Every structure is written in structure tokens, then in C-alpha cells.
Amino acid sequence: MIQFSPLAILTPYFFLVSEVDEDDRTGSSYGSNEYLDMNEGCMFAVRMGIGKDDQKKFRSSLLLSCYGQEEFSLKGCPTLRSVK
């Protein structure tokens, strides 16, 4: 079983990558910055949307996959939005 702490620590070893994601609610594409960490054969990424959606909400998504194990992907995870 894969377990991750809800605490994110961006050490000097994280990577920043530009990506394009699709909003699951609207189907529109939006730019995002991906913060990527590799740990014990697993890749965990937090993608923070650039700008806000049409309702003035920030968007983000999560990705997780581990090599050598059955792939567990959060690609099916809905687009996360800010509350305020």
C-alpha cells in the first residue's frame, strides 16, 4: 500500500516543469506549473494552474505513479479548485 503524508516539503531537489492540463468541468485547456518529486521509485507531482478560471478560482491537479508496481495515477482525479 502506498501512503503519502499530506505535508509537502519542497526541498532543493524538486523540479519545476510547465505543463498543459484539461479542466474536467469545462473541457478547456490551461497552463500549469508542475512541482515534481521522485522518492523511492515513485513520482508525485502537484500541478498549479496559471491564472484563474472563469469563476475566479485557482485550479490544481495531482499525479502519482510508482515504477515497478501497478501504476496508480490520479489523472482521473477531478480538477481541484480554490474555495475562495
Side-chain angles (χ1 to χ4, degrees):
M1 173 182 243
I2 302 168
Q3 293 184 327
F4 282 88
S5 166
L7 179 64
I9 300 172
L10 296 176
T11 65
Y13 303 106
F14 77 92
F15 298 95
L16 172 63
V17 180
S18 294
E19 293 287 343
V20 176
D21 285 314
E22 182 178 316
D23 189 314
D24 69 317
R25 186 181 298 168
T26 65
S28 64
S29 297
Y30 64 94
S32 63
N33 290 318
E34 180 178 83
Y35 299 89
L36 176 67
D37 182 46
M38 296 287 291
N39 189 3
E40 297 181 20
C42 292
M43 178 194 77
F44 179 70
V46 177
R47 290 184 175 175
M48 303 300 292
I50 300 169
K52 298 179 181 181
D53 67 4
D54 57 350
Q55 297 177 356
K56 308 285 190 237
K57 305 280 184 179
F58 289 105
R59 296 175 280 199
S60 64
S61 62
L62 304 173
L63 301 165
L64 171 67
S65 61
C66 295
Y67 303 105
Q69 299 179 22
E70 182 178 332
E71 185 168 322
F72 177 73
S73 176
L74 297 174
K75 279 196 174 217
C77 178
T79 304
L80 306 173
R81 287 182 163 73
S82 60
V83 178
K84 294 183 179 183

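In this text, all values refer to a predicted model and were calculated from it rather than measured experimentally. Values below: every heavy atom of this structure, side chains too, minus hydrogens, waters and symmetry copies. Nothing fancy with the numbering, it's 1 onward along the sequence.
Of all non-hydrogen atoms in Val20 and Ser32, the two that sit nearest each other are N-OG, 4.4 Å.
One finds the CG atom of Leu62 at 5.0 Å from the CZ atom of Phe44 (value rounded to the nearest 0.5 Å). Atom OG of Ser61 and atom CD of Glu22 lie 11.5 Å apart (nearest 0.5 Å).
Partner of Glu34 under the side chain to side chain contact (heavy atoms under 4.5 Å, CB included) criterion, chosen from Leu63, Asp21, Val46: Leu63.
For Arg81, the side chain to side chain contact (heavy atoms under 4.5 Å, CB included) partners two or more places apart in sequence, or in a different chain, are Asp23, Asp24, Arg25, Asp53, Lys57, Arg59, Thr79.
When hydrophobic clusters are built by joining Ile, Leu, Val, Met, Phe, Trp and Tyr residues whose side-chain heavy atoms come closer than 4.5 Å, directly or via intermediates, Tyr30 is not grouped with Met48. One hydrophobic cluster, built from ILVMFWY side chains closer than 4.5 Å, cannot hold both Tyr35 and Ile50; they sit in different ones.
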